Amino acid sequence: QALPVESGGGSVQAGGSLTLSCVVSDLTFTENCLAWFRQAPGKEREGVAAISVRYGATYRSDSVKGRFTVSQDKDKSTVYLQMNNLKPEDSAIYYCAADTLRRPCGSSWSSTGRFDRWGQGTQVTVSS
C-alpha cells in the first residue's frame with residue numbers, strides 16, 4: 001500500500017506563504033478523511049487541517065484559521081495546504097495522513113489514532 005507523499009516545504013520569512021502538496025496514490029477518493037498534522041521539536045503532533053473527500057467539508061485548528069486553507073484535487077489524488085501569513089510558531093515538520101476507512105472526518109479529524117497512513121513529512125521553517 002502506497003504511503004502519502006508530501007512536498008512543498010521550505011524556509012520563508014514571517015508573513016510569507018507556502019503551499020504543501022500530498023499525493024495519496026492507491027487510494028480511491030470516495031469518503032475518506034485526509035489531514036495535515038505538524039510536529040515541532042519537543043511538542044506533540046497536532047492536527048492542522050483536514051478534508052472529507054466526498055463532500056469537501058474542511059476542518060482547521062484555531063491556530064491556523066484565517067491563514068491556512070485545505071483543498072483537494074480528486075483527479076490528481078492530491079490534497080493541498082495553502083499557508084498564508086506564516087508565523088515563526090508555524091515552524092514544524094508537516095505530515096499528511098490518510099484514513100483508509102471510508103468515513104468522513106467529523107469531530108475526530110485531529111486525532112492521530114484514526115489515521116493509518118502517514119507520509120514522511122516535509123519541513124517548514126519560518127524566520128522572524
Side-chain angles (χ1 to χ4, degrees):
Q1 292 180 335
L3 296 177
V5 178
E6 307 97 335
S7 63
S11 297
V12 296
Q13 290 189 329
S17 299
L18 284 173
T19 300
L20 306 183
S21 301
C22 174
V23 178
V24 189
S25 60
D26 191 32
L27 180 67
T28 302
F29 268 43
T30 54
E31 299 182 23
N32 304 87
C33 177
L34 302 175
W36 288 97
F37 287 78
R38 68 185 181 187
Q39 188 167 20
K43 294 187 177 181
E44 292 186 355
R45 191 168 297 189
E46 63 172 347
V48 176
I51 185 166
S52 290
V53 171
R54 182 171 184 178
Y55 296 111
T58 60
Y59 307 80
R60 288 172 293 180
S61 66
D62 289 341
S63 62
V64 305
K65 281 182 180 178
R67 301 188 298 122
F68 291 12
T69 303
V70 60
S71 62
Q72 62 179 339
D73 185 331
K74 295 182 181 181
D75 292 337
K76 296 181 179 180
S77 298
T78 301
V79 62
Y80 302 96
L81 184 68
Q82 173 68 43
M83 305 185 293
N84 298 324
N85 191 22
L86 283 160
K87 304 175 180 180
E89 52 263 42
D90 294 319
S91 297
I93 298 175
Y94 282 70
Y95 298 91
C96 179
D99 178 356
T100 57
L101 295 180
R102 295 185 178 183
R103 53 184 178 177
C105 295
S107 59
S108 64
W109 70 269
S110 60
S111 298
T112 57
R114 70 169 286 172
F115 295 93
D116 52 333
R117 290 196 199 173
W118 292 83
Q120 292 192 335
T122 185
Q123 178 72 48
V124 171
T125 303
V126 185
S127 58
S128 58

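This one's a predicted model, so the numbers in the text were calculated from it and none came from an experiment.
Closest approach of Gly106 to Ser52, counting heavy atoms only: N-OG, 4.5 Å. Here the closest non-hydrogen pair linking Arg114 and Pro104 is NH2-O, 3.1 Å. Closest heavy-atom contact between Ser110 and Gly47: CB-CA, 4.1 Å. When all heavy atoms of Trp109 and Ala50 are compared, the pair lying nearest together is CE3-CB, 3.6 Å. Summarising the geometry of Asp116 relative to Ala98, their closest heavy-atom pair is OD1-O, 2.9 Å, with the distance given to 0.1 Å.
Note that CG of Leu18 and OG of Ser11 are 8.5 Å apart. Values are rounded to the nearest 0.5 Å. Leu34 CG to Cys22 SG: the interatomic distance, rounded to the nearest 0.5 Å, is 7.0 Å. Rounding to the nearest 0.5 angstrom, the gap separating the OG atom in Ser61 from the CD atom in Glu46 is 6.0 Å. We find the CZ-CZ distance between Arg38 and Arg45 to be 13.0 Å, quoted to the nearest 0.5 Å. The CD atom of Gln123 lies 7.5 Å from the OG atom of Ser91; values are rounded to the nearest 0.5 Å. Taken from CE in Met83 to OG in Ser17, the straight-line distance is 8.5 Å, to the nearest 0.5 Å.
Among Leu81, Thr69, Val48, the one residue that satisfies the side chain to side chain contact (heavy atoms under 4.5 Å, CB included) test with Arg60 is Thr69.
Between the side chain of Arg54 and the backbone N or O of Arg103, no donor-acceptor pair lies under 3.5 Å.
No hydrogens or angles considered: a donor-acceptor pair under 3.5 Å links the side chains of Thr19 and Gln82.
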**OP:** Given side-chain contact (heavy atoms from CB on, under 4.5 Å), test Thr100 with Phe115 step by step and report yes or no.
**Re:** CA-CA 7 Å; Thr100 57; Phe115 295 93; over 6 Å; no
**OP:** Apply side-chain contact (heavy atoms from CB on, under 4.5 Å) to Asp73 and Tyr80, showing your working.
**Re:** CA-CA 8 Å; Asp73 185 331; Tyr80 302 96; 3.9 Å; yes
**OP:** Verify side-chain contact (heavy atoms from CB on, under 4.5 Å) between Asp99 and Asn32, making sure each step is shown before the conclusion.
**Re:** CA-CA 6 Å; Asp99 178 356; Asn32 304 87; 5.7 Å; no
**OP:** Might you work through the side-chain contact (heavy atoms from CB on, under 4.5 Å) test for Leu20 and Trp36, ending with a clear yes or no?
**Re:** CA-CA 9 Å; Leu20 306 183; Trp36 288 97; 3.6 Å; yes
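Residues Val124 and Val23 do not share a hydrophobic cluster, defined by chaining ILVMFWY side chains whose heavy atoms lie under 4.5 Å apart. Under the 4.5 Å side-chain heavy-atom criterion for ILVMFWY residues, no single connected hydrophobic cluster contains both Val5 and Tyr94. No path of Ile, Leu, Val, Met, Phe, Trp and Tyr side chains, each step under 4.5 Å between heavy atoms, connects Tyr59 with Val64, placing them in separate hydrophobic clusters.
Within the 6.0 Å centre-distance limit, the rings of Trp118 and Phe37 are counted as a close aromatic pair.
Gln72 has its side chain out of reach of Thr78: every pair of non-hydrogen atoms, C-beta onward, lies at least 4.5 Å apart. Between Tyr95 and Gln39, some side-chain heavy-atom pair lies under the 4.5 Å cut-off. Looking at heavy atoms from C-beta onward, Ser25 lies out of side-chain contact with Ser77 at the 4.5 angstrom threshold.
Asp90 and Lys87 are not joined by a salt bridge, as no carboxylate oxygen comes within less than 4.0 angstrom of a charged side-chain nitrogen.
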